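Note that the coordinates shown come from a computational prediction; the quantities given were computed from them, not determined experimentally. Within every chain, numbering begins at 1; the chains are lettered A, B, ... in the order of the sequence lines, protein sequences first and strands thereafter.
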Number of protein chains: 2
Amino acid sequence: MAHSHDLPADLTRNQGLVLSALNHSEGPLSAYDILDKLRGDGLRAPLQVYRALDKLVERGLAHRLESLNAFVACADEHCHRKGLIAFAICEGCGKVDEFADGVIEERLGDWAGAKGFRVERTTMEIRGKCGACVGV
Amino acid sequence: MAHSHDLPADLTRNQGLVLSALNHSEGPLSAYDILDKLRGDGLRAPLQVYRALDKLVERGLAHRLESLNAFVACADEHCHRKGLIAFAICEGCGKVDEFADGVIEERLGDWAGAKGFRVERTTMEIRGKCGACVGV
DNA sequence: TCATTTATGTTATAGCATAACGTCACCACA
DNA sequence: TGTGGTGACGTTATGCTATAACATAAATGA
Ligand SMILES: [Zn+2]
Ligand SMILES: [Zn+2]
Ligand SMILES: [Zn+2]
Ligand SMILES: [Zn+2]
């Protein structure tokens, strides 16, 4: 777990603070969680956090988890994934596992093609219990 | 489109009102949208709607769209689907297309099996433009 | 009958997200 | 040089989404 969390050099101050907060968290954080962690660094308003999150998500450095109204740092530390990303969220420990699956993506593409639907983005979130929490 | 929207007989009054509101809507409705539609029927508080929605979602008569914080009636009018359900949400006209895909479900099951993750529920939502709105 | 459960109604509050305003720094280019 | 465009920033106020807590009433079932 002791990896470096190097931030891209061209982030603004607020973006860097927010990404750093996400990187150092064990699990997803809401925008208000992040704000609370960063009050000591001078952040005062939700919008400061939301604006930074918008940029980070846009660049693929962070992801929004729709079913939690929360955010995580991208788990792919350097080469941020393209295409469909799925998240497995453990209800027990709160950890999030990020993965990509080409087969699912292709399958979805087939459905969209057949329907004439133009996909812009896809949310895929699995809720349940991770191996550790299921107590196998 | 002129189908009957028969409601299950054992719904409570509030559940029936809420499901009926969803059935008669062209697109997803937020809990507050529903509340506004039902004020004339005596509903006054968000909780009345949320409680009804909880039951409807539990029974598969309605679905929650996480990426919209909104709800739709199940499109499978009588035999409500089991298992993984996906939603394609059009950003243009707001319509939602509900579908199931066994291949995706199986693929997800494989991933979960390999990881020891116990899946409890899955959210899958595609955002984009439907055939009509993409203007083919 | 009486305990249990389930639905209901109401008020208040918590949690998530954006509108609307103004300021400032930076950069392209006239 | 300056001037307009762009994008980040800060602040206040507001709106939307969801639940806590408490009281009441109806249905269920030994
Ligand atoms: Zn990622
Ligand atoms: Zn876990
Ligand atoms: Zn359905
Ligand atoms: Zn459309």
Next on the checklist: Let me spell it out: for each of A/A52 and B/A31, pick the nucleotide of DNA chain D with the closest heavy atom. Which residue's pick is nearer the 5' end?
Outcome noted: A/A52
Checklist entry - Nearest-Å distance, CG (B/D36) to C1' (D/dC16)? => result 11 Å
Checklist entry - With a 4.5 Å limit on heavy-atom distance, are the side chains of B/M124 and A/T123 in contact? => result no
Item to check | B/N14 side-chain proximity, nearest of C/dC16, C/dA19, C/dG9 | outcome: C/dG9
Checklist outcome for this item: Closest of C/dT10, C/dT18, D/dT17 to the B/L47 side chain is C/dT10
Checklist entry - From the list C/dA7, D/dA8, D/dT17, which nucleotide is the closest neighbour of the side chain of B/Q15? => result C/dA7
Checklist entry - Does a donor on one side chain sit under 3.5 Å from an acceptor on the other, for B/T122 and A/R127? => result no
Next on the checklist: Is B/Q48 close enough to C/dT8 that one of its side-chain N or O atoms is under 4.0 Å from OP1 or OP2 there?
Outcome noted: no
Checklist outcome for this item: Among C/dA7, C/dA17, D/dT11, the one nearest any side-chain atom of A/A45 is D/dT11
Next on the checklist: Measuring from the side chain of A/R51 (C-beta onward, heavy atoms only), which nucleotide among C/dT10, D/dG10, D/dT17 has the closest atom?
Outcome noted: D/dG10
Checklist outcome for this item: Checking D/dA8, D/dA20, C/dG9 against the side chain of A/T12 (C-beta onward), the nearest is D/dA8
Next on the checklist: According to a cutoff of under 5.5 Å between the ring centres and under 30° between the ring planes, does B/Y32 stack with the base of D/dT17?
Outcome noted: yes
Next on the checklist: Closest-nucleotide mapping onto DNA chain C: is B/N69 or B/L43 further toward the 5' terminus? I mean the 5' end.
Outcome noted: B/L43
Next on the checklist: Could you check whether A/D33 and A/S30, counting side-chain N and O atoms only, form a donor-acceptor pair closer than 3.5 Å?
Outcome noted: yes
